[in-house]
Q: 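I am attaching a structure below and will ask some questions about it afterwards.
So you know, we letter chains A, B, ... as the sequences are listed, proteins then strands, and number each from 1.
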2 protein chains.
Amino acid sequence: MQISSRFSVAVHVLSLLALQQEDDVLLTSERMAGSVNTNPVVIRRLLGQLKKAGLVEVRPASGGTFLTRQPAAISLLDVYRAVEVVGEGQLFSVHDKPLQACLVGRNIQSALDATLQRAQNALEQVLAGVTLQQVTTEIMSQENLKN
Amino acid sequence: MQISSRFSVAVHVLSLLALQQEDDVLLTSERMAGSVNTNPVVIRRLLGQLKKAGLVEVRPASGGTFLTRQPAAISLLDVYRAVEVVGEGQLFSVHDKPLQACLVGRNIQSALDATLQRAQNALEQVLAGVTLQQVTTEIMSQENLKN
DNA sequence: CTTGCTGTAACTATTGTGGTTACAGCTATA
DNA sequence: TATAGCTGTAACCACAATAGTTACAGCAAG
């Protein structure tokens with residue numbers, strides 16, 4: 001199955017935060033929801049996870065959300081982990097309880113484990129190598145291509 | 001979300017086929033289901049996909065399944081693709097229809113695309129580098145560790 | 001004190017997964 | 001040629017995750 005769009009939505013939201021101007025209008029969950037094209041509650045749930053991961057600070061009642069770090073100090077892996085699309089080391093699900101009386105059954109899990117772990121790490125290392133800063137830069141450069 | 005266990009089950013089944021002895025009893029879907037600890041229909045559905053991908057040959061009514069290639073010529077990426085856990089280039093799902101009137105909204109998809117593609121490729125290349133032969137070798141060596 | 005926003009619970013529809021029963025169709029073999 | 005046994009597949013179920021929605025309590029700032 002596919003990795004939840006929570007991840008891409010989170011990057012979208014963080015990009016909005018990274019690009020927000022000080023003197024700009026307040027970025028409320030409703031505004032962000034408009035840009036993402038979803039429901040404000042979906043955004044608020046997401047912000048809850050990003051907050052829990054220490055990536056953003058949300059002003060409780062008055063509204064407004066801000067990054068706690070520079071965009072260059074936030075990797076996509078941080079985001080990926082924050083939204084918990086996949087638990088640590090669990091990208092692949094492996095069938096449990098294979099027949100222990102069978103040669104293959106009792107060894108398949110450990111035989112596969114190292115490879116699956118490496119595959120997952122390979123994916124995560126790519127995400128670790130890209131920062132929010134790079135994403136917003138890419139957004140601006142995509143924008144320029146259109147002119 | 002996690003990648004379906006169809007993948008690990010497929011590797012399990014293919015390992016059984018790779019290790020089967022000529023003069024051994026017939027490997028029916030029921031036998032394989034026993035080793036995997038699931039239902040025979042689940043196995044037959046899976047074999048249908050592996051057959052479609054040209055990895056195995058199934059004898060229709062009399063029973064019995066066989067690899068069409070040497071285990072060394074089957075990579076885990078072949079298996080991964082065969083069971084269609086993830087469509088080509090679609091490991092990450094990205095929210096569609098973001099607000100086009102917004103700078104971030106109209107550029108986020110193309111800004112993320114290359115990175116997500118690279119991440120997925122990284123994962124797949126690890127799988128491409130491991131063959132069924134290596135898996136069965138690992139199974140035997142895990143077995144030996146237990147003695 | 002009121003306005004407006006966040007935080008969260010609760011419910012829904014949709015989708016993918018994996019298990020199960022049932023049965024048609026075929027093939028090797030007796 | 002009859003039959004036993006296996007495959008192929010449809011149909012259904014339970015379960016879990018996702019994403020959208022309504023509703024509302026709580027609170028902070030003006």
Side-chain angles (χ1 to χ4, degrees), chain A residues 1-10 12-13 17 20 24-53 56-66 80 83-87 90-98, chain B residues 1-10 12-13 17 20 24-53 56-66 80 83-87 90-98:
Chain A
M1 202 191 242
Q2 298 198 126
I3 289 173
S4 163
S5 69
R6 267 208 310 283
F7 175 60
S8 64
V9 171
H12 185 144
V13 163
L17 295 174
Q20 87 179 307
D24 210 347
V25 283
L26 218 52
L27 264 182
T28 64
S29 62
E30 188 151 3
R31 245 170 241 282
M32 300 192 233
S35 174
V36 171
N37 188 26
T38 183
N39 193 285
V41 174
V42 172
I43 299 294
R44 294 206 284 269
R45 280 200 285 241
L46 187 59
L47 288 177
Q49 295 189 281
L50 297 177
K51 190 173 58 172
K52 197 167 141 199
V56 304
E57 184 201 345
V58 182
R59 282 220 279 258
S62 56
T65 307
F66 308 89
Y80 179 82
V83 299
E84 291 169 357
V85 281
V86 170
Q90 316 215 59
L91 179 53
F92 292 89
S93 69
V94 176
H95 57 297
D96 59 341
K97 307 195 194 66
Chain B
M1 200 192 243
Q2 299 198 125
I3 289 173
S4 162
S5 69
R6 268 208 308 286
F7 175 60
S8 65
V9 171
H12 184 143
V13 164
L17 295 174
Q20 87 179 304
D24 211 346
V25 285
L26 218 52
L27 263 183
T28 64
S29 63
E30 187 151 4
R31 246 171 240 283
M32 300 191 233
S35 174
V36 171
N37 189 25
T38 181
N39 193 285
V41 175
V42 172
I43 299 294
R44 294 207 285 269
R45 278 200 287 243
L46 187 59
L47 288 178
Q49 296 189 282
L50 297 177
K51 190 171 57 172
K52 198 167 139 197
V56 304
E57 183 201 346
V58 183
R59 282 220 279 259
S62 55
T65 307
F66 307 89
Y80 179 82
V83 298
E84 291 169 357
V85 280
V86 170
Q90 317 213 59
L91 179 53
F92 292 90
S93 69
V94 176
H95 57 296
D96 58 343
K97 308 196 192 65

Q: Give me the atom names and distance for the closest heavy-atom approach of B/Ser93 to A/Ser4.
A: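 Result for this residue pair: OG-C, 3.6 Å.
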Q: Rounded to whole Å, please give me the gap between CD in B/Gln2 and P in C/dT15.
A: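 Rounded to the whole Å, the gap is 22 Å.
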Q: Are B/Val9 and B/Ile43 packed together at the side-chain level, in the sense that at least one heavy-atom pair is separated by less than 4.5 angstrom?
A: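 In short, these two side chains touch, coming nearer than 4.5 Å.
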Q: Atom CD of B/Gln90 to atom C1' of C/dG16: distance rounded to whole Å?
A: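 Distance check: B/Gln90 CD to C/dG16 C1' gives 15 Å.
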Q: Between C1' on C/dT17 and CE on B/Met1, what's the gap in Å once rounded to a whole number?
A: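 After rounding, the reported distance stands at 8 Å.
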Q: Apply side chain to side chain contact (heavy atoms under 4.5 Å, CB included) to A/Val83 and list each qualifying residue two or more places apart in sequence or on a separate chain.
A: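 With sequence neighbours excluded, A/Val83 shows a side chain to side chain contact (heavy atoms under 4.5 Å, CB included) to A/Arg6, A/Phe7, A/Ala10, A/Leu46, A/Gln49, A/Leu50, A/Val85, given in chain and number order.
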Q: Measuring from atom CZ of A/Phe66 to atom CD of A/Gln20, what distance do you get when rounded to the nearest 0.5 angstrom?
A: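 Going from CZ on A/Phe66 over to CD on A/Gln20, the span is 5.5 Å.
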Q: Ignoring hydrogens and geometry beyond distance, is a side-chain donor-acceptor pair present between B/His95 and A/Ser5 at under 3.5 Å?
A: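 No pair is found: no donor N or O on one side chain lies under 3.5 Å from an acceptor on the other.
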Q: Report which part of the nucleic acid A/Arg45 touches: base, sugar-phosphate, or nothing (heavy-atom distance under 4.0 Å, all strands).
A: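 Base, at least one base atom sits under 4.0 Å.
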Q: Please list, chain by chain and in numerical order, all residues satisfying side chain to side chain contact (heavy atoms under 4.5 Å, CB included) with A/Lys52, sequence neighbours excluded.
A: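 Result, side chain to side chain contact (heavy atoms under 4.5 Å, CB included) vs A/Lys52: A/Glu84.
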Q: Quickly work out the A/Ile43 CD1 to C/dT6 P distance and round it to whole Å.
A: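 About 11 Å, once rounded to whole Å.
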Q: Detail all sub-3.5 Å separations between protein N/O atoms and N/O atoms belonging to nucleotides 3-5 of chain C.
A:
| unit_1 | atom_1 | unit_2 | atom_2 | d |
| --- | --- | --- | --- | --- |
| C/dG4 | N2 | A/Ala61 | O | 3.3 |
| C/dC5 | O4' | A/Ala61 | O | 3.4 |
| C/dC5 | O2 | A/Ala61 | O | 3.2 |

Q: For residues 28-35 of chain A, please give each side-chain donor-acceptor pair under 3.5 Å, one per line with the distance, not counting sequence neighbours.
A:
| unit_1 | atom_1 | unit_2 | atom_2 | d |
| --- | --- | --- | --- | --- |
| A/Thr28 | OG1 | A/Glu30 | N | 3.4 |
| A/Thr28 | OG1 | A/Arg31 | N | 3.2 |
| A/Ser29 | OG | A/Arg44 | NH1 | 3.0 |
| A/Arg31 | NE | A/Leu26 | O | 3.0 |
| A/Ser35 | OG | A/His12 | NE2 | 2.7 |

Q: Once rounded to the nearest 0.5 Å, what's the spacing between atom CG of B/Leu47 and atom CG of B/Leu17?
A: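 Here the interatomic distance stands at 7.0 Å.
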Q: Which parts of residues 33-41 of chain B get close to DNA chain C, meaning a heavy atom less than 4.0 angstrom away?
A: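 Within residues 33-41 of chain B, the residues near DNA chain C are B/Thr38, B/Asn39, B/Val41.
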Q: Drop me the distance from B/Ile3's CD1 to A/Gln2's CD, to the nearest 0.5 angstrom.
A: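 Between atom CD1 of B/Ile3 and atom CD of A/Gln2 there are 11.0 Å.
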Q: In whole angstroms, how far is the P atom of C/dG18 from the NZ atom of A/Lys97?
A: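 From A/Lys97 NZ to C/dG18 P: 14 Å.
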Q: Below 4.0 Å from chain A heavy atoms, what is the first contacting nucleotide of DNA chain D and what is the last?
A: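 Result: D/dT18 to D/dA29.
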Q: Would you confirm whether A/Thr65, through its side chain, and A/Val58, through its main-chain N or O, come within 3.5 Å as a donor-acceptor pair?
A: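 Answer holds: no.
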Q: Please name the pair of heavy atoms, one in B/Asn37 and one in A/Pro98, separated by the smallest distance, quoted to 0.1 Å.
A: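 Here B/Asn37 and A/Pro98 meet closest at CB-CA, 4.3 Å.
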